[in-house]
Amino acid sequence: MFQSNLLAGEVVLITGGGTGLGRAMAERMGALGAKVGVVGRREDPLRETVEAIASAGGTAAWARCDVRDPQSVAAATDAIEAALGPVTALVNNAAGNFLACAEDLSANAFDAVVKIVLHGTFHCTSDLGRRWIARGSKGQVLSIVTTYAWTGSAFVLPSACAKAGVLVMTRSLAVEWATYGIRCNAIAPGPFPTEGAFSRLMPADAHDEALRQVPLGRFGEPAELANLASYLLSPMNAWMTGECVTLDGGEVLKAGQEFSRMTDYPRDELRAGLAMLRPPKSSKT
Ligand code: COA
């Protein structure tokens, strides 16, 4: 579907680009002609991602970065720009999360997630935004949020608060920075079986129940998210801003629908049950 030069001319900086969905996006965008800068805390996965992109014929660079620290963000962006040229698109992908009861969270635990997800996204977005505005160049921000960014979610309170903030940041800046030609969009992924997310959020014995929550009957494949992200950053999508695209196999809709659990039954069984509920036709004598 995509031409191999779909993202030619783009220099994409991806936070948390060494692992999981970040790496999937980095490799896909590299294969579609973007120059890709991956930044994160750990050197080894970043280096491996850059090597994978290069061995597939793409161009990439890495820099160590702690998104919680604005100076670290600026230094990493300088390093990526020195290697690849001016960044044209930012993917806010770095995140932190864990399951915990809200009443057990220390102030430090709340900060640990919010500083990565909300503050980190702000630091990266404001750093790149200022550069684009100073240069008079267009730019794009794509932030990875979650389907509970607008509903909230039990047992991931810091993440829910932070992701809601990122979604609102996306919508606010879409309007405020449109005058500079800067567009801001988001993707809300449902369950994708990456090591980082599933090791923290999905106990092995919860897989079957989690699958039942997804109408399309399976978890997402990282390549599917990478394809959507590539389309969103491509010139084919130049008029979208302030939008959040859900990619979850229908999970969030099923959770919110009154009768959606009826889809858990085999359709013939369900039909038989529904027939029993139907009142008998009144007999005309
Ligand atoms: N339940 C409750 N509290 C927890 C916790 C858990 N599972 N994990 C960490 N905390 C608390 C710690 O106890 C600590 O609080 P305290 O000082 O009051 O004891 C605080 O959080 C910070 O912990 P620390 O391990 O020092 O944080 P960190 O900044 O090194 O790590 C995390 C941040 C916790 C978010 C870590 O999981 C991380 O870096 N994750 C990145 C990758 C990731 O989460 N990916 C999944 C995205 S979906």
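Order of listing sets the numbers, starting from 1, for every ligand and every atom in it. Position 1 is the first residue of the sequence; numbering continues from there.
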Sidechain-backbone polar pair: Thr15 side chain, Asn93 backbone, donor-acceptor under 3.5 Å
yes
Heavy-atom count check: over 12 atoms from other residues, nucleotides or ligands less than 6.0 Å from Lys115 NZ?
no
Report all N/O contacts between ligand 1 and the protein shorter than 3.5 Å as a table of atom names and distances to 0.1 Å; if there are none, say 'none'.
unit_1: ligand 1; atom_1: 15 (O); unit_2: Ser106; atom_2: OG; d: 3.3
unit_1: ligand 1; atom_1: 17 (O); unit_2: Asn108; atom_2: ND2; d: 2.7
unit_1: ligand 1; atom_1: 18 (O); unit_2: Ser106; atom_2: OG; d: 2.6
unit_1: ligand 1; atom_1: 29 (O); unit_2: Arg68; atom_2: NH1; d: 3.1
unit_1: ligand 1; atom_1: 37 (O); unit_2: Arg200; atom_2: NE; d: 3.3
unit_1: ligand 1; atom_1: 39 (O); unit_2: Arg41; atom_2: NH2; d: 2.7
unit_1: ligand 1; atom_1: 44 (O); unit_2: Asn97; atom_2: N; d: 3.0
unit_1: ligand 1; atom_1: 44 (O); unit_2: Arg200; atom_2: NE; d: 3.1

Using a 4.5 Å cut-off between side-chain heavy atoms of Ile, Leu, Val, Met, Phe, Trp and Tyr, which other residues end up in the same hydrophobic cluster as Met202?
Phe198, Leu211, Phe219
Check whether Thr241 reaches the backbone of Cys184 with its side chain - one donor and one acceptor, N or O, closer than 3.5 Å.
yes
Would you say CZ of Arg261 has more than 12 non-hydrogen atoms from neighbouring residues, nucleotides or ligands within 6.0 angstrom?
no
Determine whether Val87 and Arg131 make a side-chain contact, defined as any pair of heavy atoms from C-beta on separated by less than 4.5 Å.
no
